[in-house]
Novice: 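Attaching a single structure in structure tokens format; questions to follow.
Proteins get letters first, then strands, A, B, ... in listed order; numbering begins at 1 in each. Only a predicted model underlies this, so the values are computations on that prediction, with no experimental measurement involved.
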Amino acid sequence: MPELPEVETTRRGLLPHLKGQKIRALIVREKRLRWLVPDFLPERISGKTVLDIARRGKYLLFDCRDGKESGHLLIHLGMSGSLRILDRPVQPGKHDHVDIVLENGVHIRLTDPRRFGAMLWIDGAVDAHPLLEGLGLEPLSDAFTGDYLFEVSRGKKVPIKQFLMNSHIVTGIGNIYANEALYHAGIHPKRAAGRLSLQRYTRLVQSIRETLNRAIEAGGSSIRDFVGSNGEAGYFQLDYWVYGRDGLPCRRCSAPIHSLRQGQRSSFYCPRCQR
DNA sequence: CTTTTGACCTGACAGC
DNA sequence: TGCTGTCAGGTCAAAA
């Protein structure tokens, strides 16, 4: 499920339910996520109040405080994770690994069949955490510009698709949006990152912004459903121009969409529209 | 240093 | 019905 727009949708959906709320307990049914959920976490987090939720790339960071003590709960949704709000107790299913129980009785439930997600505690400065310190720019920040990508790509021969998916360059762009953004920018996924002009990077940055923002809006339109009971958030409504459309006609020029493998991930592109 | 490959894990689906 | 193989929204760590 989660690329940046889904994580951002989750953040926005959770915030009104969590902001200012005190955590009563943390129920860990399965601690074997990507990394073990720390044994100390339930005790550490109980009694703390969630002041805010931030997002860094695909990481969610709950700002937790309890008078003197403060820290951040880090959550990553991996490939298959989701967070849902339960106003009433619901029997946990097989993959419902953790519940955050609030003083008001609401449960925030982490579900993650593949267990590629993470739940960790960060003491002190968030930016110094090993998982966060090396991250690249936020694609929706003002600092993320064509000039930035142009500069950091000089001399690199990695294909632009993999360059875009490198979180140490820019965070949050997953497989779907890398494909979609490259299509809208008219750039072939195999093009060497170091051989793209400043002009083309400027257009690419614009495409990335538009694609992500449109997806967030699509997710935003169904936040209510997400926060409610059935949990299907979504940018599923977002219509794809190339992703998953292997063999289908390009929606702009009708040429058949091609696919290939890059770094064990599927890429889709229009051989006529993308060079 | 860069680039590639393997690893983690479950579920859905196609084909036999 | 059931087996096997492939693929899926991520990304770290080791190998080359």
Side-chain angles (χ1 to χ4, degrees), chain A residues 1-11 29-37 55-60 74-84 92-98 110-120 129-136 139 152-183 189-195 208 211-212 214-216 218-219 222 226 231-247 259-268:
Chain A
M1 271 194 232
E3 289 195 41
L4 186 151
E6 171 96 353
V7 177
E8 178 61 19
T9 298
T10 298
R11 189 189 73 81
R29 298 182 198 85
E30 174 57 84
K31 61 182 178 186
R32 295 173 304 162
L33 303 185
R34 167 125 202 214
W35 298 281
L36 291 180
V37 178
R55 179 186 56 73
R56 184 77 176 91
K58 295 169 189 163
Y59 294 97
L60 288 170
L74 175 152
I75 296 178
H76 195 288
L77 299 175
M79 292 272 260
S80 58
S82 63
L83 286 166
R84 275 194 274 161
K94 188 178 176 184
H95 304 298
D96 296 337
H97 306 313
V98 182
L110 174 69
T111 305
D112 185 6
R114 291 178 74 179
R115 292 194 272 118
F116 287 173
M119 182 177 281
L120 299 170
H129 190 276
L131 290 174
L132 305 178
E133 70 172 346
L135 291 179
V152 297
S153 64
R154 290 311 88 186
K156 311 274 187 188
K157 52 186 183 182
V158 268
I160 183 63
K161 164 98 180 322
Q162 281 152 279
F163 188 68
L164 278 188
M165 291 179 69
N166 181 346
S167 65
H168 296 278
I169 302 295
V170 51
T171 59
I173 301 177
N175 200 35
I176 293 174
Y177 294 105
N179 278 299
E180 293 293 311
L182 285 171
Y183 171 79
K190 276 174 122 170
R191 178 120 278 155
R195 294 195 174 281
I208 290 167
T211 304
L212 293 177
R214 280 214 334 274
I216 290 170
S222 63
F226 177 78
E232 284 305 308
Y235 62 83
F236 297 107
Q237 304 141 342
L238 178 86
D239 52 341
Y240 299 136
W241 287 73
V242 287
Y243 184 79
R245 290 177 49 81
D246 191 18
S259 72
L260 56 88
R261 298 290 286 182
Q262 292 181 285
Q264 297 142 300
R265 312 304 297 273
S266 292
S267 296
F268 303 90

Novice: Nearest whole angstrom, please: distance from the C1' of B:dT3 to the CD1 of A:Ile169.
Specialist: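 The distance from CD1 of A:Ile169 to C1' of B:dT3 comes to 14 Å, rounded to the nearest Å.
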Novice: Is C:dG9 paired to anything, Watson-Crick or G-U wobble with both distances less than 3.5 Å, and if yes, which nucleotide?
Specialist: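 Check on C:dG9: unpaired, no WC or wobble geometry under 3.5 Å.
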Novice: Could you tell me how far apart A:Gln264 (CD) and B:dA7 (P) are, to the nearest whole angstrom?
Specialist: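 These atoms are roughly 11 Å apart.
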Novice: Given the P atoms of C:dC3 and B:dC9, what is the spacing between them in whole Å?
Specialist: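 To the nearest whole Å, 22 Å.
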Novice: Describe the nucleic acid contact of A:Arg34 in one word from base, sugar-phosphate, nothing, applying a heavy-atom distance below 4.0 Å.
Specialist: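 Since a base atom lies under 4.0 Å of A:Arg34, the category is base.
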Novice: Taking the same atom, P, in B:dG6 and in C:dT6, what whole-Å distance lies between them?
Specialist: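 To the nearest whole Å, 14 Å.
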Novice: Does A:Arg265 reach a base, just sugar-phosphate, or nothing at all? Heavy atoms under 4.0 Å.
Specialist: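 If one applies the 4.0 Å heavy-atom cut-off, A:Arg265 turns out to touch a base.
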Novice: For the pair made of CZ in A:Arg115 and P in C:dT11, what is the distance, rounded to whole Å?
Specialist: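 Distance check: A:Arg115 CZ to C:dT11 P gives 18 Å.
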Novice: Provide, to the nearest angstrom, the distance between the CG atom belonging to A:Leu120 and the P atom belonging to C:dC12.
Specialist: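 My rounded result for the distance is 12 Å.
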Novice: Using a heavy-atom cut-off of 4.0 Å across all strands, would you classify A:Tyr59 as base, sugar-phosphate, or nothing?
Specialist: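 Sugar-phosphate contact only - A:Tyr59 comes under 4.0 Å of backbone atoms but never of a base.
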Novice: Search all heavy atoms of A:Arg55 against all heavy atoms of A:Leu4 and return the closest pair with its distance.
Specialist: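 A:Arg55 and A:Leu4 have their closest heavy atoms at NH1-CD1, 3.3 Å.
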Novice: Sort out the partner of B:dC16 for me: Watson-Crick or G-U wobble, both distances under 3.5 Å, none otherwise.
Specialist: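 Pairing partner: C:dG2.
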Novice: Verify the stacking flag for A:Phe116 against C:dT11: centroid separation must be under 5.5 angstrom and the ring planes must differ by under 30 degrees.
Specialist: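 So no, this residue does not stack on that base, at least one cut-off failing.
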Novice: Does CZ in A:Arg154 sit with more than 12 non-hydrogen atoms of other residues, nucleotides or ligands closer than 6.0 Å?
Specialist: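 Count over threshold, so yes.
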Novice: When you compare B:dA12 with C:dT1, how far apart are their P atoms, in angstrom units rounded to a whole number?
Specialist: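 So the two P atoms sit 16 Å from each other.
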